[in-house]
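This report concerns only the one structure given below.
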Amino acid sequence: MTTTTTATRRRRRRVAAGGKGEGLFALALLLPAAVVVFGVVLYPVVRTFVVSLFDVNSPLPGAYPFVGLANYTRVFGDKGFYAVLGHTVYFTLLSTFLELALGIAVALLLNSPLRARWLWRSIVVLPWALPTIVNGALWRWIYNGQYGALNGLLDSLGISHTAHQWLGTPFLALNMVILADVWKNTSIVVFFILAGLQTIPDDVYEASKIDGAGAWGAFWRITMPLLAPSIAVVLVLRTIEAFKVFDIIYVMTGGGPASGTQTVAFYTYLQAFSNQLFGYGAALAYLIVLAVFALAMVYLRILRQGQMAGVE
Amino acid sequence: MDEASGTPREVLESRPTRRGFLAGSGALGLSAVLAACGVGGGAQQGGQGSGKGSIRALFMKQAGYSEANIRAMTASFQKANPGVKVTADFVAYEALHDKIVAAAPAGTYDVVLIDVIWPAEFGTKHIVGDVTSKWPASWKQQMLPGAVATPQYQGKLYGVPWILDTKYLFFNTAHLKKAKVDTSALDTWDGVLKAARSIKSAGLVKYPLIWSWQQAEALICDYAQLLGAFGGKFLDSSGKPAFNKGGGVQALDFMHQSVVDGLSAPTSTQSLEEDVRRVFSAGQASMALNWTYMYGLADDPKQSQVAGKVGVTQTPKGSAGQPGVNGSMALAVTGGSKNQSAAWKYISYLTSQPVQNKYAISSLPVWRSSYDDPAVIKTNPAVVPQAKKQLGDLILRPQVTNYNAVSQVLQAEIQNVLLNKKSSQKALDDAAAQASKLLSS
């Protein structure tokens with residue numbers, strides 16, 4: 001027993017001597033990734049928080065007054081913030097719902113034995129491949145009340161001969177921006193769901209047919225439960241993205257009309273860069289980070305649950 | 001396997017411990033915190049430099065001088081000054097302010113193009129430098145007053161004017177002729193509305209007027225011109241909001257009524273200057289306010305369906321006059337430039353009278369005598385005579401350090417009126433209350 005213990009200790013010491021080099025090597029390998037993570041994630045997060053505690057009103061360094069959490073309390077007393085938060089929540093809920101509903105429908109269609117399925121799949125990915133700025137500019141033209149394609153289409157089809165102002169009133173404009181976002185981002189939902197559908201074995205459907213289940217029953221009792229992990233992941237991812245929406249608003253409406261399409265991210269940008277209220281902008285940005293972080297935690301939890309289910 | 005290197009399991013077990021990793025992470029995190037405590041970023045200190053070497057300049061893409069014009073001017077400058085190399089960058093006007101702000105801590109640019117509404121903000125924050133002492137005494141007399149006012153704040157000059165512009169009234173001569181409206185009717189805003197009614201009732205276009213009334217600075221430019229015409233003021237002599245009194249309210253009533261009467265296109269509230277140009281060039285509107293640049297493009301058969309039918313005149317008179325909005329821009333040396341001498345040389349060249357005269361077709365010169373120069377008049381015979389009259393009578397938007405925030409408040413409230421959500425008086429009172437807080441903060 002004693003002999004074995006001594007031998008083990010001796011071996012451990014030798015390993016430790018050699019392991020020190022290995023450990024340094026491992027550290028050296030980890031260092032670039034660590035620097036990147038600290039440089040582009042942790043450092044800005046910490047810096048943003050520090051800036052949010054000061055009344056910073058210029059991009060240049062200086063002795064700015066420390067205001068503690070005043071910028072945060074100001075956020076909660078800012079009527080403008082509640083208005084843009086309302087727009088953001090509405091945008092997030094409606095765009096995510098529509099993208100999921102449409103995405104599932106299109107994915108089911110593309111999963112069925114269609115002719116030239118590859119072609120349809122390629123077409124579906126196109127909107128997603130388009131940069132958001134280009135997508136925004138495109139829809140701004142389509143919706144234009146005077147020379148836009150949408151009014152032209154409705155007119156030529158005899159549906160409506162009125163020059164509708166699609167971006168003319170706050171609530172309608174918000175909904176039209178959501179539609180433009182849905183047009184672009186449904187593609188990514190389709191591909192997530194399509195990947196999920198392809199993991200469902202055909203035997204399950206065949207067995208359900210033998211048991212007398214119809215197509216509707218099979219969809220609700222087999223497809224949807226087995227798609228649940230894919231739906232959950234894409235739901236959280238799209239929710240995070242929609243909550244941070246900025247570029248499509250910037251291009252399509254500039255936040256108007258009458259501030260009706262301003263979102264939290266757009267409002268933050270206005271405060272920080274246009275108005276040079278960097279401390280206040282940092283507090284707003286930090287609150288967005290916290291909201292997104294909470295959503296990311298949900299995402300990780302779902303992924304972990306999915307992995308656990310896979311192991312089982 | 002050599003025993004000294006241990007089994008794979010032992011090697012794995014010899015990795016840095018979690019505690020060690022956390023300690024390392026903590027150290028890095030702490031260093032990040034300490035670095036972050038220097039709020040505001042690592043700024044570059046500016047300096048005069050040798051007057052030679054490389055400089056970087058930031059311009060805007062649209063309106064005024066084109067990118068090709070600026071590149072040609074820069075090439076000539078470099079030929080005359082072989083020791084200076086200039087790199088020019090271009091962004092959209094809407095991105096220009098934020099790019100200047102974001103680039104300031106790193107001192108990326110030596111020369112930046114600034115709008116007339118920014119000297120107070122950029123000058124007091126040292127984002128651009130005070131060049132008052134560098135201005136030759138003669139310039140103030142030789143330049144038009146609106147030009148001299150462009151880079152000025154509280155008596156200091158934060159740049160040199162380069163693009164001198166205001167909004168003119170453009171009209172479709174064919175529409176006016178068909179509706180039997182004489183162009184002299186466009187001398188007053190009342191006349192413009194009467195002309196619009198005649199054009200509408202003749203069935204020539206559905207909406208004779210198109211404006212850039214999107215929730216953006218473009219809206220304030222149009223409002224400023226009308227506010228001036230009706231005798232309003234943005235701020236009173238003590239610096240408090242005054243746009244909610246007299247002419248300020250009348251101007252907004254005028255805008256609103258033109259929408260209610262179906263004379264102004266409802267798309268105006270979603271339009272910027274480029275949208276106005278497209279609609280006018282497509283012959284879908286008969287009259288529009290816009291900057292000088294619209295004339296060349298609307299009168300170009302390659303880009304317009306109304307080429308040869310474009311008329312231009314001074315902004316119409318209201319009850320109090322006919323001031324044009326000062327929409328000029330200046331070239332400034334950044335506070336962080338390490339080569340301010342070279343930057344000044346470059347600015348002096350670009351703003352010089354011969355260079356401005358040469359490119360007058362794109363943007364009118366800031367120099368008084370240029371407007372009597374036959375070569376300049378020849379470049380744009382329709383616009384130059386109007387400019388000569390208009391550029392001596394310009395109205396400034398408020399010269400305050402937080403102008404953007406005040407403007408955003410006003411934009412939102414004006415749109416509330418145009419969308420029938422509030423009366424002019426109520427909206428402007430609300431805007432004045434918010435602006436007062438901003439101006440006293």
Side-chain angles (χ1 to χ4, degrees), chain A residues 11-12 14-20 22-23 26-27 30 34-35 38 42-43 45-51 53-54 56-64 140 143-147 163 165-170 173 250 253-260 269-271 273-279, chain B residues 3-7 10-11 13-16 24-25 28-29 32-33 35-43 94 97-98 101-102 104-105 121 125-127 206-207 210 214-216 265-267 269-272 275 278-279 282 284-285 335-336 402 404-405 408 411-413 415-416 418-419 421:
Chain A
R11 197 164 65 239
R12 275 191 186 158
R14 278 203 301 272
V15 169
K20 205 172 180 180
E22 301 269 358
L27 257 182
L30 279 173
V35 167
F38 283 112
L42 193 68
Y43 177 73
V45 166
V46 172
R47 189 177 178 83
T48 303
F49 180 67
V50 173
V51 170
L53 302 177
F54 290 83
V56 183
N57 63 3
S58 158
L60 302 175
Y64 299 104
R140 187 182 154 97
Y143 288 151
N144 188 287
Q146 207 141 355
Y147 53 79
Q165 302 300 315
W166 300 108
L167 299 173
T169 50
Y250 182 85
T253 63
S259 309
Y269 149 78
L270 280 184
Q271 298 299 335
F273 290 97
S274 293
N275 302 347
Q276 293 203 44
L277 298 173
F278 288 97
Chain B
E3 206 188 328
S5 60
T7 63
E10 284 164 335
V11 169
E13 283 171 353
S14 72
R15 287 179 308 179
S25 310
L28 270 173
V33 174
C37 286
V39 177
E94 287 73 24
H97 173 276
D98 302 344
V101 171
E121 175 192 356
K125 292 180 181 181
H126 307 293
I127 291 172
K206 194 169 182 188
Y207 301 109
I210 175 84
Q214 185 177 317
Q215 190 173 347
T267 39
T269 55
Q270 307 136 57
S271 300
L272 294 172
D275 302 301
R278 282 193 201 103
V279 170
Q284 292 181 356
N402 51 358
N404 282 351
Q408 284 158 22
Q411 289 164 30
E413 291 297 348
Q415 283 227 323
N416 278 333
L418 299 174
L419 299 173
K421 291 172 80 180

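A note on names: the letters A, B, ... follow the listed sequences, proteins ahead of strands, and every chain is numbered from 1. Side chains are part of it too, since the values below use all heavy atoms of this structure and drop only hydrogens, waters and symmetry mates.
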Checklist entry - Of the listed residues (A:G254, A:G256, A:S274, A:G255), which shares the most heavy-atom pairs with chain B below a 4.5 Å separation? => result A:S274

Next on the checklist: Can you tell me which of A:P257, A:G145, A:G260 forms the most heavy-atom pairs within a distance under 4.5 Å of chain B?
Outcome noted: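 Looking at each option in turn, the highest pair count goes to A:P257.
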
Mind ranking [options] by heavy-atom pairs under 4.5 Å with chain A and telling me who comes out on top?
options	answer
B:N402, B:I127, B:L272	B:I127
B:A412, B:P266, B:A102	B:P266
B:H126, B:K421, B:Q411, B:Q408	B:Q408
B:E94, B:K206, B:E413, B:R278	B:R278

Next on the checklist: Between B:Q215 (side chain only) and A:S259 (backbone N and O only), is there a donor and an acceptor less than 3.5 Å apart?
Outcome noted: yes

Next on the checklist: Taking side chain to side chain donor-acceptor pair (under 3.5 Å) as the definition, give me every residue that meets it alongside A:T253, ordered by chain and number, with sequence neighbours left out.
Outcome noted: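 So A:T253 forms a side chain to side chain donor-acceptor pair (under 3.5 Å) with A:T261.
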
Next on the checklist: For A:N57, give me all partners under side chain to side chain donor-acceptor pair (under 3.5 Å), at least two apart in sequence or on another chain.
Outcome noted: none

For [X], is it the side chain, the backbone, both, or neither that has a heavy atom closer than 4.5 Å to a heavy atom of chain A?
X	value
B:A216	neither
B:L418	neither
B:Q270	both

Item to check | Proximal component of A:Y250, with respect to chain B [non-hydrogen, under 4.5 Å] | outcome: side chain

Checklist entry - Is it the side chain or the backbone of A:Y269 that comes within 4.5 Å of chain B heavy atoms, both, or neither? => result side chain

Closest heavy-atom pair and its distance - [X], [Y]:
X	Y	result
B:P105	A:P59	CG-O, 3.4 Å
B:V101	A:F278	CG1-CZ, 3.6 Å
B:V279	A:Q146	CG1-NE2, 3.5 Å
B:N416	A:A258	OD1-CB, 3.3 Å
A:G168	B:T269	O-OG1, 4.4 Å

